**Q** 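Dropping the structure in here first, questions after.
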Amino acid sequence: MKVLVAEDDIASSKFMQKLLAKYGEVHLASDGIACVNEFVNAAESKEGFDLVCLDIMMPKIDGYKALASIRDAERKLGLSRDKRCKVIMISALDEGFDKNYASDDYEEYICKPIDIVKFDGLIKKMGLT
């Protein structure tokens with residue numbers, strides 16, 4: 001599995017990298033623009049990501065806008081809904097997550113601090129293991 005983690009907090013980023021390393025190759029992006037750029041570059045080279053973990057509150061563009069850009073890029077590349085990457089939205093503010101704003105473009109949402117057992121369960125639920 002190939003994973004992209006978009007997280008501006010260095011400690012959270014390293015935690016996610018260590019957590020996801022057991023599943024495969026993990027790439028890190030420190031802001032929303034870097035995330036979208038890395039995603040598009042990988043998708044265009046036919047080496048796309050299986051999973052994207054998006055922090056909602058990031059500099060430059062937030063997780064919602066990054067998600068919209070990722071889904072737009074997938075549509076432009078002709079990827080059908082069943083072939084697109086899986087997305088987990090992540091936030092430190094549980095009450096701050098707006099499901100309506102993210103529409104149905106993400107698969108799962110989890111609040112920080114990340115519960116490792118719950119997160120592993122989400123990975124399995126999405127069929128990524």
Side-chain angles (χ1 to χ4, degrees):
M1 175 169 61
K2 188 173 174 183
V3 182
L4 176 58
V5 175
E7 172 63 66
D8 61 312
D9 179 73
I10 294 171
S12 294
S13 181
K14 294 296 181 186
F15 171 80
M16 293 297 294
Q17 184 176 37
K18 185 175 181 177
L19 175 64
L20 289 161
K22 64 186 170 192
Y23 295 112
E25 182 182 342
V26 181
H27 297 252
L28 302 175
S30 60
D31 61 61
I33 290 176
C35 172
V36 172
N37 288 338
E38 182 144 0
F39 180 86
V40 170
N41 290 337
E44 287 177 343
S45 67
K46 306 291 187 229
E47 297 176 10
F49 291 96
D50 302 299
L51 174 65
V52 177
C53 297
L54 283 174
D55 184 27
I56 293 173
M57 297 184 329
M58 291 186 291
K60 299 186 181 174
I61 64 172
D62 64 24
Y64 296 119
K65 290 177 184 156
L67 174 61
S69 296
I70 285 168
R71 294 307 190 206
D72 186 51
E74 288 175 324
R75 282 188 288 278
K76 287 179 181 174
L77 291 168
L79 293 174
S80 62
R81 193 170 178 90
D82 64 319
K83 299 291 184 197
R84 68 186 194 177
C85 73
K86 306 287 187 199
V87 174
I88 298 176
M89 301 296 288
I90 302 171
S91 178
L93 305 171
D94 193 29
E95 66 278 355
F97 180 63
D98 187 347
K99 294 179 182 181
N100 295 324
Y101 194 69
S103 185
D104 67 343
D105 279 347
Y106 69 99
E107 279 66 36
E108 297 291 341
Y109 167 76
I110 193 165
C111 191
K112 294 177 190 175
I114 303 291
D115 178 320
I116 295 171
V117 174
K118 184 177 179 181
F119 193 86
D120 285 341
L122 294 178
I123 298 292
K124 289 176 184 152
K125 179 181 171 185
M126 291 185 295
L128 294 171
T129 58

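All values reported here derive from a predicted model rather than from experimental measurement.
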**Q** Test your reading of the model: is there a side-chain donor-acceptor pair from Asn41 to the backbone of Asn37, 3.5 Å cut-off?
**A** yes
**Q** If you compare all heavy atoms of Asp62 against all heavy atoms of Lys65, which two are closest, and at what distance to 0.1 Å?
**A** OD1-N, 2.8 Å
**Q** Taking 4.0 angstrom as the limit, do Glu107 and Arg71 come out as a salt bridge?
**A** yes
**Q** State, yes or no, whether a side-chain contact exists between Gln17 and Val5 at a heavy-atom distance under 4.5 Å.
**A** no
**Q** Quick check on the hydrophobic clustering: are Met16 and Leu54 connected, directly or via other members, by side-chain heavy-atom contacts under 4.5 Å?
**A** no
**Q** For Val52 and Cys85, which heavy atoms make the closest approach, and how far apart are they?
**A** CG2-SG, 3.8 Å
**Q** Looking at every non-hydrogen atom in both residues, tell me the closest pair between Ile90 and Cys53 and how far apart they are.
**A** CD1-CB, 3.9 Å
**Q** State the CG-NE2 distance between Leu20 and His27, to the nearest 0.5 angstrom.
**A** 12.0 Å
**Q** Do Asp50 side-chain atoms and Lys2 backbone N/O form a donor-acceptor pair below 3.5 Å?
**A** yes
**Q** Can you tell if the side chain of Ile56 reaches within under 4.5 Å of the side chain of Tyr109, non-hydrogen atoms only?
**A** yes
**Q** May I ask you to decide if the ring planes of Phe39 and Phe49 are parallel, tilted or perpendicular, using 30° and 60° as cut-offs?
**A** parallel
**Q** Give the minimum heavy-atom separation between Val26 and Ala21, together with the two atoms involved.
**A** CG2-N, 3.8 Å
**Q** Within the 4.5 Å heavy-atom criterion, are Asp105 and Arg84 side-chain neighbours or not?
**A** yes
**Q** Start with the C-alpha gap between Glu7 and Leu28, add the side-chain angles, then the distance that decides, and say whether side-chain contact (heavy atoms from CB on, under 4.5 Å) holds.
**A** CA-CA 7 Å; Glu7 172 63 66; Leu28 302 175; over 6 Å; no
**Q** Tell me the closest heavy-atom pair linking Ala92 and Cys111, and the distance in Å.
**A** O-SG, 3.9 Å
**Q** Quick one: side chains of residues 119-129, donor-acceptor pairs under 3.5 Å with protein atoms, not counting sequence neighbours, listed by atom name and distance.
**A**
residue: Asp120; atom: OD1; partner: Lys22; partner atom: NZ; Å: 3.4
residue: Asp120; atom: OD1; partner: Tyr23; partner atom: OH; Å: 2.7
residue: Asp120; atom: OD2; partner: Lys22; partner atom: NZ; Å: 3.0
residue: Lys125; atom: NZ; partner: Glu108; partner atom: OE2; Å: 3.1

**Q** Report the distance from atom NZ of Lys60 to atom CG of Asp31, rounding to the nearest 0.5 Å.
**A** 4.5 Å
**Q** Going from CD1 on Ile88 to CG on Leu51, what distance comes out if it is rounded to the nearest 0.5 angstrom?
**A** 5.0 Å
**Q** I'd like to know if the side chain of Asp55 reaches the main chain of Met58, judged simply by a donor and an acceptor atom lying under 3.5 Å from each other, with no hydrogens or angles considered.
**A** no
**Q** Side chains of Ile70 and Cys35, heavy atoms from C-beta outward: is any pair under 4.5 Å?
**A** yes
**Q** Do you know which two heavy atoms are closest between Ala29 and Leu4, and how far apart they sit?
**A** CB-CD1, 4.2 Å
